[in-house]
Structures are given as structure tokens and as C-alpha cells.
Enquirer: 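This is the structure, below, for whatever I ask next.
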Amino acid sequence: MKTLKNVFLIACAMFLLQSCVVSHRPNMDFFSNSDYDFKGARFESVNVPMFLAKPFIKKALKEKGEDEELLNLVNKVSKIKVLTVENGDPAMLKDYATYLNKNNYEDWASIKHDGDNVNIRVKQNGEMIKNMLITVNSDKELVFVDVRGSFTADDIAKMISSATDKK
């Protein structure tokens, strides 16, 4: 009986952790399109299971001395996807921006820092922000972070002010 229980627990853990596996296939809609020619771009993608990530994120924020408001924002996140692209070209990034505009994403912020370009786009449902896409463009390497949850504009403003206050 004990062996059967252990086998069941291991099978459940493997099932739950399968989304943690790093893949060489894109995990975001635009990049999954097989009709687009990515011209030698290489992809690495990870779907981050929030039930595993939230405790680590909260612990790191507490160690850095962050306030409770920022810790509460972590609870509003329901899913995170990360995609890195090597050898991506500017045309691909432009086509990605066009795709987001067609799919009702609003450009909220564009930041240049140490030669990197950071772009934040959101998709709203009324007053609630359901999806936030963060793009980091650094020469030939691109990083895309897709954060899903239920945020308000005030939540994002608090997050940005918390990040800028620490400088």
C-alpha cells in the first residue's frame, strides 16, 4: 500500500511539474504561428506554475524588505509565461507589435535603460487588466514575459513606483 501511495504521489508531482520544463518551441500565440518565417531565431520557453513560484517570489520580496502592497500583487497573478528569442530581428519585433495592436493590447510604457528597450503592453476588460506583456529588447536577444491575472491600473502604478523608488 505504501509503495502504491508513493508511486501515485510521484506521478502527480510529475504531472504538475511538466509545465516547468524548458521547451525549444515558442509558448506565445504570435510565435506559435507556423506561417511566419522567423529567419533562424532560436526559442526557449517556460510556463511558470504559480503554485510553485508564488512562495519563492514572496520570500524574495520579504527578504528585500518590500511592503505588503507589493506582496499582495503577487496573489493577483494567475499565470506567467517566459519566452526568450536569440537571433530575433527588428522586423519580427515590429510584426509582433502589429499583432498586439490588432489584438487590443495598449502600449503603456516604453523605457530605455543601458541600451535595452523595455515595453509594457496591457489588455483590459473594463477597468481590470487581464494580461500584461513585457518585452525586453537587447540587441539580438529578446525576452517576452506574459503575465496573466486580474490587476488594476493602480496595482501596476504601485509596482512601477516600487521598482523606481529602489534605485
Side-chain angles (χ1 to χ4, degrees), residues 8-34 36 43-85 88 92-93 95-111 116-138 141-166:
F8 178 73
L9 290 175
I10 290 170
C12 287
M14 301 257 308
F15 176 75
L16 292 172
L17 294 176
Q18 72 182 350
S19 63
C20 292
V21 176
V22 175
S23 172
H24 296 289
R25 295 184 327 199
N27 61 354
M28 293 185 187
D29 292 337
F30 172 76
F31 299 99
S32 302
N33 184 355
S34 60
Y36 191 84
F43 299 96
E44 298 284 333
S45 61
V46 178
N47 291 330
V48 181
M50 290 312 298
F51 72 93
L52 291 175
K54 280 183 184 180
F56 292 108
I57 294 170
K58 285 182 177 181
K59 181 179 178 189
L61 290 173
K62 284 180 185 177
E63 288 175 358
K64 287 179 97 177
E66 298 293 344
D67 59 0
E68 280 297 315
E69 288 181 348
L70 192 58
L71 290 170
N72 290 334
L73 285 177
V74 175
N75 290 330
K76 295 182 177 188
V77 176
S78 62
K79 188 174 191 176
I80 297 177
K81 295 180 189 178
V82 179
L83 174 67
T84 61
V85 181
M92 178 181 66
L93 197 55
D95 292 340
Y96 176 68
T98 302
Y99 168 82
L100 293 178
N101 288 336
K102 287 181 183 176
N103 286 286
N104 302 319
Y105 283 88
E106 297 175 34
D107 195 3
W108 269 34
S110 293
I111 304 161
D116 296 340
N117 296 320
V118 179
N119 185 273
I120 300 173
R121 293 177 180 262
V122 299
K123 190 172 195 174
Q124 288 183 267
N125 185 2
E127 292 294 315
M128 296 305 292
I129 297 167
K130 296 295 182 183
N131 201 357
M132 181 171 51
L133 294 171
I134 303 167
T135 305
V136 181
N137 178 4
S138 172
E141 185 173 273
L142 303 168
V143 178
F144 301 93
V145 181
D146 182 358
V147 181
R148 295 184 189 238
S150 194
F151 311 101
T152 63
D154 190 43
D155 292 335
I156 293 176
K158 287 176 188 173
M159 178 186 69
I160 292 170
S161 70
S162 172
T164 56
D165 289 345
K166 300 295 179 189

Enquirer: If you define the side chain from C-beta out and look only at heavy atoms, does anything of Lys81 sit under 4.5 Å from Ser45?
Expert: no
Enquirer: Could you pull out all residues at least two apart from Asn101 that satisfy side-chain hydrogen bond (donor to acceptor under 3.5 Å, both in side chains)?
Expert: Arg121
Enquirer: Would you please name every residue forming a side-chain contact (heavy atoms from CB on, under 4.5 Å) with Thr98, sequence neighbours left out?
Expert: Lys102
Enquirer: Please list, chain by chain and in numerical order, all residues satisfying salt bridge (charged side-chain N to carboxylate O under 4.0 Å, His left out) with Lys76, sequence neighbours excluded.
Expert: Asp155
Enquirer: Could you tell me if the side chain of Leu133 sits less than 4.5 Å from the side chain of Leu100, heavy atoms only?
Expert: yes
Enquirer: Does Asn137 form a side-chain hydrogen bond (donor to acceptor under 3.5 Å, both in side chains) with Asn119? I'd like the steps, not just the answer.
Expert: CA-CA 8 Å; Asn137 178 4; Asn119 185 273; over 6 Å; no
Enquirer: What heavy-atom pair brings Asn131 and Val147 nearest, and what distance separates the two atoms?
Expert: OD1-O, 3.2 Å
Enquirer: Output, in order, the C-alpha distance, side-chain angles, deciding distance and verdict of side-chain contact (heavy atoms from CB on, under 4.5 Å) for Thr152 and Ile129.
Expert: CA-CA 6 Å; Thr152 63; Ile129 297 167; over 6 Å; no
Enquirer: Could you tell me if the ring centre of Phe144 sits under 6.0 Å from that of Tyr96?
Expert: yes
Enquirer: Residues two or more places apart in sequence or in another chain: which of them pass side-chain contact (heavy atoms from CB on, under 4.5 Å) with Asn104?
Expert: Lys123
Enquirer: So do the side chains of Ile120 and Tyr105 get within less than 4.5 Å of each other, counting heavy atoms only?
Expert: no
Enquirer: Is the shortest heavy-atom distance from the side chain of Ile80 to the side chain of Val145 under 4.5 Å?
Expert: yes
Enquirer: Would you please name every residue forming a salt bridge (charged side-chain N to carboxylate O under 4.0 Å, His left out) with Arg148, sequence neighbours left out?
Expert: Asp146
Enquirer: Test of understanding: with side-chain hydrogen bond (donor to acceptor under 3.5 Å, both in side chains), list the residues that count as partners of Asn103, not counting sequence neighbours.
Expert: none
Enquirer: Considering only heavy atoms from C-beta outward, does the side chain of Thr135 approach that of Leu93 to under 4.5 Å?
Expert: yes
Enquirer: With side-chain contact (heavy atoms from CB on, under 4.5 Å) as the criterion, how do Thr84 and Phe43 come out once you've worked through the C-alpha distance, each side chain's angles and the decisive distance to 0.1 Å?
Expert: CA-CA 6 Å; Thr84 61; Phe43 299 96; over 6 Å; no
Enquirer: Measuring from atom CE of Met132 to atom CD of Gln124, what distance do you get when rounded to the nearest 0.5 angstrom?
Expert: 12.0 Å
